[in-house]
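What follows is one structure encoded as structure tokens, with my remarks underneath.
Each ligand, and each atom within it, is numbered from 1 in the order the structure gives. Quick caveat: nothing in here was measured; it's all calculated off a predicted structure.
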Amino acid sequence: MAVALAGCNGSEGGEQGATGEPRYLKAHSAQQLMAQVVQPTAEVFWNSAGYVMDETGEHDLTPTTDEGWQATRTAAATITEMGNLLMTPVYAEGRGADWIEFSRALVEVGQKAEEAAANRDSEAVFEVGGTMYNVCTACHQAYLPEEQAAAANASQQ
Ligand code: HEC
């Protein structure tokens, strides 16, 4: 393994571009990243606060176990790093300057989300969840055709 890695990082080039910058591999399209990672992860966070009603009554979504809180925190951390990932050339190339702003906003809201989860502050988790939703929506309004934006934002509720 060490030998294989050393080979990849050889000064002849390998995984580095001619100018020395790292080369990212595009493993998911923006659509796939959203559908496979961002959306399900945000849902974990959103489903960690507030109440739901069903036929058996009202249920508090606040985690009740260490594992539950850890899942909330992990979701927040993942959202944070999704913001960083969206800023890389893999996803930012060809987009406007506001793409970076929206991605940065996702990092910042993700950090607040992680803090709320680390503090097990259910009210803060709920509140920052709302802010997170607004960050998602803002980028979709700028970058998706109107109809698609409505669909993406609806699937976030
Ligand atoms: C920096 C911009 C940006 C941010 C921030 C962003 N998205 Fe997206 N999202 C996109 C783009 C661009 C698409 C459309 C991708 C395509 O269809 O090519 C998309 C599409 C989607 C879709 C539709 C995927 C599908 O199956 O077609 C969902 C769901 C989604 N985003 C969820 C989220 C959630 C949840 C958040 C916030 C936690 C979020 N997005 C934040 C840019 C963003």
Side-chain angles (χ1 to χ4, degrees), residues 15-17 19-55 58-157:
E15 290 301 308
Q16 297 223 307
T19 54
E21 80 277 18
R23 274 188 203 149
Y24 301 96
L25 299 181
K26 185 159 195 162
H28 298 89
S29 68
Q31 192 269 333
Q32 289 169 330
L33 187 76
M34 291 290 154
Q36 302 304 323
V37 187
V38 178
Q39 173 69 24
T41 303
E43 257 164 36
V44 171
F45 190 79
W46 286 325
N47 289 338
S48 303
Y51 296 85
V52 282
M53 285 284 284
D54 64 17
E55 56 282 357
E58 194 178 59
H59 303 280
D60 188 347
L61 295 172
T62 305
T64 54
T65 61
D66 287 348
E67 292 73 22
W69 279 111
Q70 185 56 48
T72 306
R73 186 171 174 171
T74 298
T78 306
I79 290 293
T80 304
E81 298 307 341
M82 286 298 113
N84 274 328
L85 180 61
L86 288 167
M87 270 188 259
T88 63
V90 177
Y91 295 101
E93 207 147 66
R95 316 274 192 184
D98 59 349
W99 180 270
I100 301 296
E101 296 301 316
F102 292 130
S103 305
R104 191 182 295 274
L106 197 59
V107 173
E108 287 168 357
V109 78
Q111 287 176 309
K112 287 201 189 101
E114 191 174 353
E115 195 188 327
N119 292 336
R120 302 191 175 194
D121 183 341
S122 181
E123 238 173 79
V125 168
F126 185 79
E127 214 166 283
V128 79
T131 310
M132 185 187 292
Y133 177 78
N134 292 338
V135 171
C136 310
T137 304
C139 190
H140 294 159
Q141 274 166 355
Y143 280 97
L144 272 64
E146 207 170 303
E147 234 169 78
Q148 216 183 324
N153 294 334
S155 74
Q156 287 165 29
Q157 279 150 14

Query raised in the report: Looking at ligand 1, does any of its N/O atoms fall within less than 3.5 Å of an N/O of Gln31?
Result: yes

Query raised in the report: Regarding Glu115 and Gln111, is there a side-chain donor-to-acceptor distance under 3.5 Å anywhere?
Result: no

Query raised in the report: Side chains of Thr137 and Gln141: is there a donor and an acceptor less than 3.5 Å apart?
Result: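 Result is no, nothing qualifies.
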
Query - Per-residue contact class, Leu144 against ligand 1 - non-hydrogen pairs under 4.0 Å - result: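 Contact part for Leu144 vs ligand 1: side chain (C-beta onward).
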
Requested in this report: Using a 4.0 Å heavy-atom threshold (strictly under), name the region of Phe45 that reaches ligand 1: side chain, backbone, both or neither.
Outcome: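 The answer is neither; Phe45 stays 4.0 Å or more away.
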
Query raised in the report: What's the atom name of the N, O or S in His140 nearest to atom 8 (Fe) of ligand 1?
Result: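 Per the distance ranking, His140 contributes NE2 as its closest N/O/S atom to atom 8 (Fe) of ligand 1.
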
Query - CA sep, side-chain torsions, deciding dist, call: Asp66, Arg73, salt bridge (charged side-chain N to carboxylate O under 4.0 Å, His left out) - result: CA-CA 10 Å; Asp66 287 348; Arg73 186 171 174 171; over 6 Å; no

Is it the case that atom [atom1] in [X] sees more than 12 heavy atoms from other parts of the structure closer than 6.0 Å?
X: Arg120; atom1: CZ; value: yes
X: Gln70; atom1: CD; value: yes
X: Glu58; atom1: CD; value: yes

Query raised in the report: Is ligand 1 less than 4.0 angstrom away from at least one heavy atom of Gln148?
Result: yes

Query - The one among Ala35, Ala142, Cys136 that brings a heavy atom closest to atom 41 (C) of ligand 1 - result: Cys136

Check ligand 1 against [X] and write out every atom of the ligand that is under 4.0 Å from a heavy-atom position of the residue.
X: Val38; value: 33 (C), 34 (C), 36 (C), 38 (C), 39 (C)
X: Trp46; value: 35 (C)
X: Ser103; value: 1 (C)
X: Ala152; value: 21 (C), 22 (C), 23 (C), 28 (C)

Query - N/O/S from Met34 sitting under 2.8 Å away from atom 8 (Fe) of ligand 1 - result: yes

Query raised in the report: Do any N/O/S atoms of Cys139 come under 2.8 Å of atom 8 (Fe) of ligand 1?
Result: no

Requested in this report: Evaluate the side-chain proximity of Val90 to Leu85: yes if any heavy-atom separation is below 4.5 Å, no if none is.
Outcome: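 Result no, sub-4.5 Å side-chain heavy-atom pair not found.
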
Query raised in the report: Is there a side-chain contact between Thr72 and Phe45, using heavy atoms and a 4.5 Å cut-off?
Result: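 With C-beta onward as the side chain, the pair touches.
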
